[in-house]
Number of protein chains: 2
Amino acid sequence: MDRLLQGVQIRINEKLFLKDPESSSLGRRIIEFSIQLIDEIGFESFTFKKLGKEIGSNESSIYRYFENKHKLLLYLTSWYWGWMEYQLVFATNSIRNPQEKLMKAIFIMTKTIKEDSAFSHINEVLLNNIVINEYSKSYLTKEVDVENKEGYYIIYKRLVSRLGEMISEVDPNYKYPTSLASTILENGLHQHFLKEHFPSLTDCNSKVTPTQYLTHLVFNTLNNTIDE
Amino acid sequence: MDRLLQGVQIRINEKLFLKDPESSSLGRRIIEFSIQLIDEIGFESFTFKKLGKEIGSNESSIYRYFENKHKLLLYLTSWYWGWMEYQLVFATNSIRNPQEKLMKAIFIMTKTIKEDSAFSHINEVLLNNIVINEYSKSYLTKEVDVENKEGYYIIYKRLVSRLGEMISEVDPNYKYPTSLASTILENGLHQHFLKEHFPSLTDCNSKVTPTQYLTHLVFNTLNNTIDE
DNA sequence: TAGAATATGATAGTATTACTATTATATTTG
DNA sequence: CAAATATAATAGTAATACTATCATATTCTA
């Protein structure tokens, strides 16, 4: 996949930035080091001033790329979901069997990211950590409805929709394909978090993955006779 | 239940406060109005200064009850889960049939709270909103491991454990009772959030409740023959 | 290649936040 | 009634989340 990705750019809503960070080396450094710094100190402690220090640049220069750190987080997580979508489509496109297709999709959406490969300045392992630990904060705000209208969550919504369609292909009579799709994505992240911080709240551990749990959950739910 | 609850106090970890807010009228006003204010303006914008203004008291007085707003959020959400646990135990205690018991439990944990009844100074409807919109922020922090050791999440953990046991009673062979229990609690909140802000990401709406979705999910998963 | 345009850096300034400390004034209790 | 305790008022600090201005560096283009 590596080589293919060199020709691919993940398209992010232009309202999320003031100046495209992909358009300059400073921009790419902002992305690269913001991922590192947010992963390291957490989103609450992260500031543009600290980031400036880290990259040997100035707070004011970073503000020329992003209005505030919330927009930066939306940019980073949009990128992550765009990257996920790319992998999903790429890996499932040629699979005809709906069961197999859905299984592959669940695997891609819930697996642990282990290698940083595709894009030079983006560390996907750290970005995955950020999504696990910070993504909810990007929508659990009072501004969520306005920002949703602005299209800030569009990639994530498209992903859920794609997953939902795959679920319906496996079981056209299942009544909650969209909810189940969002459960896979959201609870996938959550099980990874629990594994790390609340092992007593999950059966996932070094032997059992969130992927296994969710795959089992989904396939036991679909094509089942119990109703209501 | 109303009258019974008048004699019940929900026990919160004493490290979460400097002075027990239940011990004075100012303390109870802090609780009452912090629920209103957090619900109204969101946790990010909420400050002790604004709360002080709201209750005609002083910022410095509030700091004598709670170290900071994060501890206050932990207090409020602990109270909420304690109240849930009380309802859960109370309502399921006498049910012998494991299926029926689990069904009741899922209902209690995922239903929409419609009435503010039990405790004079705590509005359970607003508190439920706060849990939906803010609970994740209480553990998605860099301090989570330390705070977990301090016992700040103990009530929630007990709840998951109780639910997990009920799941195992329905299907002793099911391999992921704890993960499923945490999925019910966490995704229950999430489906309520989606219903409100991202209707396209859920099948829940004014006709279909998160309770129905999750009940269907759980009972189709348990006592099933598909394995691995 | 000069001159204009643009990008970046440095510095300063503001309102707000998240507190801590001190002192004064109520209120409760013994 | 005095002493203890709770609350209120005020002030102060360091950090945050910016905005504004001006200087300097880089690059683009005629």
Side-chain angles (χ1 to χ4, degrees), chain A residues 14-34 37-38 40-76 121 134 137-138 140-143 146-147, chain B residues 14-34 37-38 40-76 121 134 137-138 140-143 146-147:
Chain A
E14 299 196 351
K15 291 176 199 151
L16 286 176
F17 49 78
L18 299 167
K19 179 179 167 158
D20 186 354
E22 287 298 329
S23 71
S24 75
S25 89
L26 177 61
R28 286 185 296 273
R29 282 157 56 73
I30 289 173
I31 299 306
E32 179 176 0
F33 287 89
S34 66
L37 195 54
I38 293 173
E40 197 187 312
I41 66 177
F43 187 66
E44 276 72 42
S45 301
F46 172 85
T47 69
F48 281 179
K49 194 164 194 177
K50 290 176 188 168
L51 177 59
K53 207 165 188 177
E54 206 73 15
I55 63 181
S57 173
N58 200 275
E59 197 188 3
S60 60
S61 304
I62 299 165
Y63 273 107
R64 287 206 195 83
Y65 285 82
F66 293 98
E67 272 180 68
N68 51 51
K69 69 175 183 174
H70 177 246
K71 289 267 174 82
L72 172 58
L73 179 62
L74 283 168
Y75 179 94
L76 294 176
H121 60 297
E134 323 286 359
K137 297 173 194 167
S138 80
L140 292 176
T141 68
K142 281 285 165 185
E143 297 76 35
V146 177
E147 300 194 335
Chain B
E14 299 195 351
K15 291 175 199 150
L16 286 176
F17 49 79
L18 298 167
K19 178 177 167 160
D20 187 353
E22 287 298 330
S23 72
S24 74
S25 89
L26 177 62
R28 285 185 297 270
R29 281 157 56 73
I30 289 172
I31 299 307
E32 179 176 0
F33 286 88
S34 65
L37 195 54
I38 292 172
E40 197 187 311
I41 65 177
F43 187 65
E44 276 71 43
S45 301
F46 172 85
T47 69
F48 282 179
K49 194 165 194 176
K50 290 175 188 169
L51 177 60
K53 207 165 188 180
E54 206 73 14
I55 62 181
S57 172
N58 201 277
E59 197 189 2
S60 61
S61 303
I62 300 166
Y63 273 106
R64 289 212 194 77
Y65 284 83
F66 293 99
E67 271 179 69
N68 50 51
K69 69 176 182 173
H70 177 244
K71 290 268 173 81
L72 171 58
L73 179 63
L74 283 168
Y75 179 94
L76 295 177
H121 61 297
E134 322 286 359
K137 298 173 193 167
S138 80
L140 292 177
T141 68
K142 282 284 166 184
E143 296 76 37
V146 176
E147 299 193 337

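Below, read A as the first sequence line, B as the second, and so on, with proteins coming before strands; counting in each chain starts at 1.
- For residues 18-27 of chain B, the set of pairs meeting the side chain to side chain donor-acceptor pair (under 3.5 Å) definition, not counting sequence neighbours, comprises E22(B)-H121(B), S24(B)-Y65(B).
- Qualifying side chain to side chain donor-acceptor pair (under 3.5 Å) partners for S60(A), counting only residues two or more places apart in sequence or in other chains: N58(A).
- Residues meeting the side-chain contact (heavy atoms from CB on, under 4.5 Å) test with K53(A), sequence neighbours left out: none.
- Between the P atom of dA9(D) and the CD1 atom of I62(B) lies a distance of 12 Å, rounded to the nearest Å.
- Residues forming a side chain to side chain donor-acceptor pair (under 3.5 Å) with E143(A) (at least two apart in sequence, or on another chain): none.
- For DNA chain C, the contact window with chain B, defined by any atom under 4.0 Å from a protein heavy atom, covers dT17(C) to dA21(C) in 5' to 3' order.
- Between L16(A) atom CG and L76(A) atom CG the span is 10.0 Å, to the nearest 0.5 Å.
- Contact annotation for F66(A): no contact, since no heavy-atom pair falls under 4.0 Å across all strands.
- Residues that satisfy the side chain to side chain donor-acceptor pair (under 3.5 Å) test with E32(B), not counting sequence neighbours, are absent from this structure.
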Provide a list of protein-nucleic acid N or O atom pairs under 3.5 angstrom, restricted to nucleotides 17-22 of chain D.
unit_1: dC18(D); atom_1: O5'; unit_2: Y63(A); atom_2: OH; d: 3.1

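- The side-chain contact (heavy atoms from CB on, under 4.5 Å) test applied to K142(A) returns no partner, not counting sequence neighbours.
- F66(B) pairs with exactly one of F46(B), F48(B), Y75(B) by the ring-ring contact (aromatic ring centres under 6.0 Å, His included) rule, that one being Y75(B).
- With sequence neighbours excluded, the residues satisfying side chain to side chain donor-acceptor pair (under 3.5 Å) with E44(B) are K137(B).
- The salt bridge (Lys or Arg N to Asp or Glu O under 4.0 Å) contacts involving residues 57-75 of chain B comprise E67(B)-K71(B), where partners must be two or more places apart or lie in separate chains.
- Against DNA chain D, the stretch residues 18-33 of chain B makes heavy-atom approaches under 4.0 Å through K19(B), S24(B), L26(B).
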